[in-house]
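Notes to accompany the following structure.
In this text, all values refer to a predicted model and were calculated from it rather than measured experimentally.
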Number of protein chains: 2
Amino acid sequence: MKKVTIRTVANRAGVSPATVSRVLNDPLKVGADTRRKVQQAMAELDFQPSAIARGLSMQHMDTIGLLVPGINGLFFNELYQGIDEVAGEHGMKVLLFDAQLDHHRALDGFTFLKQHHVAGIIFTSGSITDDYQAMIDRLGIPVVLALTHSRMRPLSAFRTDDVKAAFDATAYLMARGHNRIAMVSGPPENEVAGATRLQGYRQALTRYGAEYVEELVDFGDFHFHEGYRAMERILARVGKEGFTAVFAASDEMALGAIRCLAEHGLRVPEDVSVMGYDNLYVAEMVTPGLTTVAQPFQHIGRLAVECLLQAIAAGQTETCGGIHLLPHQIIERGTVKALSQ
Amino acid sequence: MKKVTIRTVANRAGVSPATVSRVLNDPLKVGADTRRKVQQAMAELDFQPSAIARGLSMQHMDTIGLLVPGINGLFFNELYQGIDEVAGEHGMKVLLFDAQLDHHRALDGFTFLKQHHVAGIIFTSGSITDDYQAMIDRLGIPVVLALTHSRMRPLSAFRTDDVKAAFDATAYLMARGHNRIAMVSGPPENEVAGATRLQGYRQALTRYGAEYVEELVDFGDFHFHEGYRAMERILARVGKEGFTAVFAASDEMALGAIRCLAEHGLRVPEDVSVMGYDNLYVAEMVTPGLTTVAQPFQHIGRLAVECLLQAIAAGQTETCGGIHLLPHQIIERGTVKALSQ
DNA sequence: CTGTTAGCGCATTCAT
DNA sequence: ATGAATGCGCTAACAG
């Protein structure tokens, strides 16, 4: 089974390569019967036009790049779904690059995508450090941020208002009678999902007249195990009676905290209420369902693509600009109990 | 900022394009100082060689295609990780195509990947129906199956022995004193993960002297919600006392079943034991941890790539062949209780 | 060791 | 409406 090109088809159909190209891209521009001949020849030869050659010739591959820090984050799936969908609707494919949690590899991701002629890039999560920014500047193609932002350049960013969301979550707890609320925060040096959510928690506390007590907060890397550890440390410091609720900066950590509480004989929500953050699929799948604040991942993905596509169409490297704060939402499930007293 | 090609660099460095190409692909084949000149020129111009043009010229893109039925399956992440890793180790990139649960789109996936010159394809999950097989035959590039198999052609397949795994899971339950075990199965028409697991369950039952009772089994689509529904139907038929344990054909459905049980006042594992299948991340994150049978997703991914790469290197479209059954493993956590009587 | 030439497969002017 | 020629950016022979 040899290589069949546009040329082989042309010979078979007794026409020129150009004509074959035409029926491929604009069938109406060619005579009805020659068109049929060509189409038949293509079918008989099982011709597959080379997207590579086409790309070289046309100078664009109709793809957008998606740069993620690591596909192990459970949020990836939900984000990707939105992205792939609208990209498809606009005739674009998405080229995925996984940085595997390696900063350097993430940098490589940009050049990889560039070398593959993506029309634009969606950068996901992870703070935009200086080197990223420098890379992006030299790139010459539009870049939009999803679930993160850059404080230097006016890169378009799509995310939620993390401090307000954390504020609301904490307020939600307080409105139900909790005033000693522990927090399992993300790393404070993480500006996008660490410091912000901690800040929101703190603001709500003081706003509604509760005291911020340092012993009640600890930190983790957003994953299950560290959520467990952080909860353990808090418990060690303040004991089982030290708090009536805990707010975690991610669903995974919330689940880790719940496990830890269970092992210490504390039931959720009877003895302590727990709130998560993200509203991943798993939040619904656990029993009792995890009360959490939802980020509209899918919607964020969609908007990011649309913004990117717009910049691409407009033809320039600058995107629609600005930080777009999408609405979060508190999803009430079963891990929060109102204090009856 | 204009387009900088291999030619621009050549001019800037005062050499021929061919020389630039050489420092790109085999730096040692060029004089030390000219090489430096070229490298400097490349740096100054921020030259990014076009992977597309290179691909066209070399007739291969150094990528393998990954065809998944839908990225919403939580197992995707774990599989992808193994695949991307070893692909990278061999200098290959993986091109992802998501069929979005659409049979027709999955077919398109093959031609898409083919048109993008992938060296081979890993097809994931979903039964290999006739049209798939026909497509694969015409493709002219090696294809390996992960988490599924084909009963017609000797396509290489990497998966677990589902009937034995289900057998073992059921036996595990019986060894702990359970003999009225409900099953939340996958669709019986699904040959790879539906009928097989149900069969294993049934075999264990009769093998160890328990009766197969039809009222105790119901079906779902492997996802949470249907697991819930199936459990609900079983409960409606046999009542709360009808069984002491339930075996689900997926972790998601196990979690759905647990939710249903909880809503009927049944505690896990005190009142009824539950076993899942897959050992997704979530199995560890719920409390109590879900006892389940683990599929070595990551390992399967790695092997699939290696098999594919081998066929590619060998230069032909036939892969190492045969169905490779990888060992499963029962992961004991907290949802199964031994009956003490 | 380096420059020249000639494609890779397709799209796109121009002619006809 | 269709064919011939040219170029996309790069690699690979073959010279020198």
Side-chain angles (χ1 to χ4, degrees), chain A residues 1-39 41-42 45-63 91 111-112 114-119 140, chain B residues 2-39 41-42 45-63 91 111-112 114-119 140-141:
Chain A
M1 194 198 279
K2 287 205 56 179
K3 191 164 311 172
V4 33
T5 80
I6 208 175
R7 195 161 192 132
T8 354
V9 177
N11 291 341
R12 183 79 131 91
V15 300
S16 86
T19 301
V20 178
S21 175
R22 287 192 187 97
V23 335
L24 232 39
N25 302 299
D26 199 348
L28 306 175
K29 285 295 172 194
V30 64
D33 50 340
T34 39
R35 184 194 327 152
R36 247 190 307 283
K37 277 196 307 184
V38 171
Q39 285 167 334
M42 299 201 306
L45 295 169
D46 190 31
F47 170 58
Q48 302 288 15
S50 162
I52 304 307
R54 175 190 166 92
L56 215 219
S57 185
M58 303 236 295
Q59 294 288 32
H60 65 281
M61 289 293 283
D62 293 333
T63 64
T111 90
F112 171 85
K114 166 79 169 185
Q115 293 182 354
H116 281 256
H117 293 204
V118 299
Chain B
K2 287 206 55 180
K3 191 165 310 171
V4 32
T5 80
I6 208 176
R7 198 165 190 126
T8 350
V9 177
N11 291 341
R12 184 79 131 88
V15 300
S16 87
T19 301
V20 177
S21 175
R22 288 192 186 94
V23 336
L24 232 39
N25 300 299
D26 200 349
L28 306 175
K29 285 294 174 195
V30 64
D33 49 339
T34 39
R35 185 194 327 152
R36 248 190 308 281
K37 277 195 310 185
V38 172
Q39 285 168 335
M42 299 199 308
L45 294 170
D46 190 32
F47 171 59
Q48 303 287 14
S50 162
I52 304 306
R54 176 191 164 91
L56 215 218
S57 184
M58 305 234 296
Q59 293 290 20
H60 64 279
M61 290 293 283
D62 293 334
T63 64
T111 90
F112 171 85
K114 166 77 169 186
Q115 292 181 353
H116 281 257
H117 294 205
V118 299
I141 54 178

Atom pair distance, as rounded to whole Å: CG in A:Asp33 and P in D:dT2 = 7 Å

query = Are any side-chain N or O atoms of B:Asp26 and backbone N or O atoms of B:Arg22, one a donor and one an acceptor, separated by less than 3.5 Å?
reply = no

message = Between B:Lys29 and B:Arg35, is there a side-chain heavy-atom distance shorter than 4.5 Å?
response = no

A:Ser57 (side chain) donor-acceptor with A:Arg54 (main chain) under 3.5 angstrom = no

query = Which whole-number value in Å describes the distance from B:Met61 CE to C:dG9 P?
reply = 14 Å

Side chain of B:Pro49 - closest among C:dT4, D:dC10, D:dA4 = D:dC10

query = Can you check whether A:Phe47 reaches A:Val38 side chain to side chain, under 4.5 Å on heavy atoms?
reply = no

task = For A:Met42 and C:dC10, give me the distance from atom CE to atom C1', rounded to whole Å.
result = 14 Å

remark   = note: A:Lys29, atom NZ; D:dA1, atom C1'; distance rounded to Å ~ 10 Å

Under 3.5 Å, N/O pairs linking protein and nucleotides 12-16 of chain D:
residue : atom : partner : partner atom : Å
D:dA13  : N6   : B:Arg22 : NH2          : 3.2

ask   = Could you state the CD1-C1' distance from A:Ile52 to C:dA11, rounded to the nearest angstrom?
value = 15 Å

ask   = Between the side chain of A:His116 and the main-chain N/O of A:Lys114, is any donor-acceptor distance below 3.5 Å?
value = no

request  = Indicate yes or no: at least one non-hydrogen side-chain atom of A:Met61 is less than 4.5 angstrom from one of A:Ile52.
outcome  = yes

task = Please report the C-alpha distance between B:His117 and A:Ser50 in whole Å, then the side-chain angles of each, then the deciding distance to 0.1 Å, and finally whether the side-chain hydrogen bond (donor to acceptor under 3.5 Å, both in side chains) criterion is met.
result = CA-CA 7 Å; B:His117 294 205; A:Ser50 162; 3.0 Å; yes

Atom pair distance, as rounded to whole Å: CG in A:Leu24 and C1' in C:dG9 = 11 Å

ask   = Taking OP1 and OP2 of C:dC10, is either one under 4.0 Å from a side-chain nitrogen or oxygen of A:Ser50?
value = no

query = Which is true for A:Val20 with a 4.0 Å heavy-atom rule: it touches a base, it touches only sugar-phosphate, or it touches nothing?
reply = nothing

note = Per atom distances to the A:Arg54 side chain, the nearest of D:dT2, C:dC10, D:dC10 is C:dC10

query = Is the distance from OP1 or OP2 of D:dG9 to the nearest side-chain N or O of B:Thr5 less than 4.0 Å?
reply = no

remark   = When rounded to whole Å, the CG to P distance for the pair B:Leu56 and C:dA6 reads 19 Å

message = Is there a side-chain contact between A:Gln59 and the phosphate of D:dG7, meaning an N or O under 4.0 Å from OP1 or OP2?
response = no

query = Is B:Thr19 near enough to C:dC1 that one of its side-chain N or O atoms lies under 4.0 angstrom from OP1 or OP2?
reply = no

Nearest-angstrom distance from the residue atom NE2 of A:His116 to P of D:dC8 = 21 Å

